Amino acid sequence: MRQSAVNSVIKRIEENPVATEKDKWVLRLYVAGNTPKALTAFANLTKICEEQLMGKYSIEVIDLLINPQLSVEYQILAIPTLVRKLPVPVRKIIGDLSDTERVLIGLDLLPAS
Amino acid sequence: MKKTKKKIFNNILPKSPTGIQGFDEITAGGLPKGRPTLVCGGAGCGKTLFGIEFLVRGATQFNESGVFMSFEETNEELTTNVASLGFDLDDLIKNKKIALDHVHIERSEIEETGEYDLEGLFVRLGYAIDSIGAKRVVLDTIESLFAGLPNQLILRAELRRLFRWLKEKGVTAIITGERGDETFTRQGLEEYVSDCVIMLDHRVTEQTSTRRLRIVKYRGSMHGTNEYPFLIDENGFSVLPVTSLGLMHNVSDERVLSGIKVLDEMLEGKGYYRGSTILVSGTAGVGKTSIAAHFAEAACKRGERVLFFCFEESPSQLMRNMLSIGINLKTWVQKGLLQFQATRPTFYGLEMHLATTHKLVNDFKPNIVIMDPINTFVVGDKDLEVKTMLIRIVDFLKANQITALFTSLTDNHSAIENTDVGISSIIDTWLLLRDIELNGERNRGMYVLKSRGMANSNQIREFILTNHGVELREVYVGASGVLTGSARIAQEALENAEVLTRKQDIERKKREIERKRKTLKSQIAAMNASFEAEESEVNKMIKTEQDMIKQLEQDKIEMAASRNADKENSKTKILKK
């Protein structure tokens, strides 16, 4: 069930038309299994992206239980972690993304107050 | 699972040997198997090294692979750092014996946006453990997470979960932690890891530093409770379980000659006991080192191995000086029977000395150890510590049946028995050298102060250094005390003279009596002569008288004849006469 959920997510993201290379946002969400926290984080993330980055983002969900070796690349400790791969610099946001304001600050969509 | 639990219940706590020299002895087998152990201490006390050695030894000696999760050093730094200790991590990693994982967390890169946990860390660690089938895990230093992650509540809860998880995994884990102000670790990790806590310490006293290790607690196991000095050298960690030694060593009846004939005679003619401790004490320049050198030479001649610690002279200086009294130590060094170890006592701390002594003795395996001199260790008010250290050394050497000879310099101004850093009780044979000042001369005297287990001579001997070694001479005890040096020579001359006089006396008397005899003889002869003269005179007179009588008779006869007297009568008368 978890597998299918993740796959469907990826599929849906790929359907999104990418506007231009320059504006492209590449986001990666690290989870460990289909936990409530992971689901909340994913829901929050898509909601924010739809509101803020309509049409110019892609989200990749990585389940560390399936691919544990992928945790090394971005030094993932906390789950869930959102990594903004593009645009640079790389940003890491940990937690279930329920604090929308902090997520926006973390993604540089809002200036830090 | 049930089976193992039962086994644990029936037997003692299973342990995971560390392979670290000495550590397994004080913990009776190593770290608790399948449980986490906290290793804490200040900066630079060797926590990381302890962890890495645990893994390397596990991989190389006990065939248990391990994961090293570093929160501070990168994998490259770590590999380089431990390469200096002779550990080839790259090779072990290639052979899947050790996995390194550097966990790096940067506070500035992280934005916290709600609930989270550290499942990522668990996954990483779990993946690393499973990829090489690890039995051992080191987390160094997990407290760094506190600097990287802002939410302490989550962190603490997750750490608690992590340690429980490690236990469930059945891996033997070492968690290192920086020492806090009043707690063992800064973040109070001891709350979570409470099966075994090891404290490392790095102390500086009197400008020399000493590393020490103490087992603060060890649930379910006996362990040594003292502070054990330890050493980090080119072979890694070594802990000295010296205080665990007792008085249980075996003794030998074998004797070893001292190399000085008269000294052997003073000790029942057989020398010291093998495995005993000999102290040669005395004031400056009385020849303590010479006695030690004699002993070393004698041992080497027997083919025994000698380890000579010199704390005052360099080996070449010592060899040159000993050559002047006819002891050639160089040949034995070249033959590999004699090894010198020269260090200044202040070069490092007492524990370090103890540790190097241990190491050298274990490496060289000598029959005899000489330390010249021991009292230079005493700097400041460290008498007690020095004594403890010497007792440890003596115990260690005795347990290995090594004969030890120490020299000790005593102060001119204090009582002889007091100054030898209070170790007289652990000494078996004590030779005391003292200088005797008399008649503007300084001479040396030696006696056996004590010698356990033998009927030693109680005589004071004069101790003379000649170009063919040490000589011990009888000394004269006169009305004015012990006579040595020129006083002794004078006394000898005096006695010789006396004997001569007596001899002359006898000769003289003999001659006198001879003369008397001669006189007597001559007197007898003279008297004889005079007697003979007298006798012959008397005879002569008698003859004359007789002749005269004859003449008278003749005359009478002639007269009678002339008168024609009765012939018959006159003839008879003459015949009767």
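Since we're looking at a predicted model, the values are computed, not measured. A note on names: the letters A, B, ... follow the listed sequences, proteins ahead of strands, and every chain is numbered from 1.
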Answer key: most heavy-atom pairs under 4.5 Å with chain B among A/Val90, A/Leu97, A/Asn44, A/Leu82 is A/Leu97
Looking at A/Leu107, A/Leu70, A/Leu64, which makes the most heavy-atom pairs under 4.5 Å with chain B?
A/Leu64
Hey, what do you get for OH (B/Tyr116) to OG1 (A/Thr81), rounding to the nearest 0.5 Å?
9.5 Å
Neighbours of chain A found in residues 125-147 of chain B - heavy atoms under 4.5 Å
B/Tyr127, B/Leu145
Is a side-chain N or O of A/Gln75 found less than 3.5 angstrom from the main chain of B/His102, in a donor-acceptor match?
yes
CD/B/Glu115 to CG/A/Asp99 distance, rounded to the nearest 0.5 angstrom?
12.0 Å
For B/Gly114 against A/Ser98, the heavy-atom pair lying closest together
CA-OG, 3.9 Å
Please find the pair of heavy atoms, one from A/Ile76 and one from B/Arg124, that lie closest to each other, and give the distance.
O-CD, 3.5 Å
So A/Leu65 and B/Val123, do their side chains get closer than 4.5 Å, heavy atoms only?
yes
At a 4.5 Å cut-off on heavy atoms, which part of B/Leu118 comes close to chain A: side chain, backbone, both, or neither?
both
Can you tell me how far CD of B/Glu112 sits from CG of A/Asp96, rounded to the nearest 0.5 angstrom?
10.5 Å
Are any of the side-chain heavy atoms of B/Thr113 and A/Ile94 separated by less than 4.5 Å?
no
So do the side chains of B/Glu111 and A/Val103 get within less than 4.5 Å of each other, counting heavy atoms only?
no
Heavy-atom pairs under 4.5 Å with chain B - which of A/Pro89, A/Pro68, A/Ala38 has more of them than the others?
A/Pro68
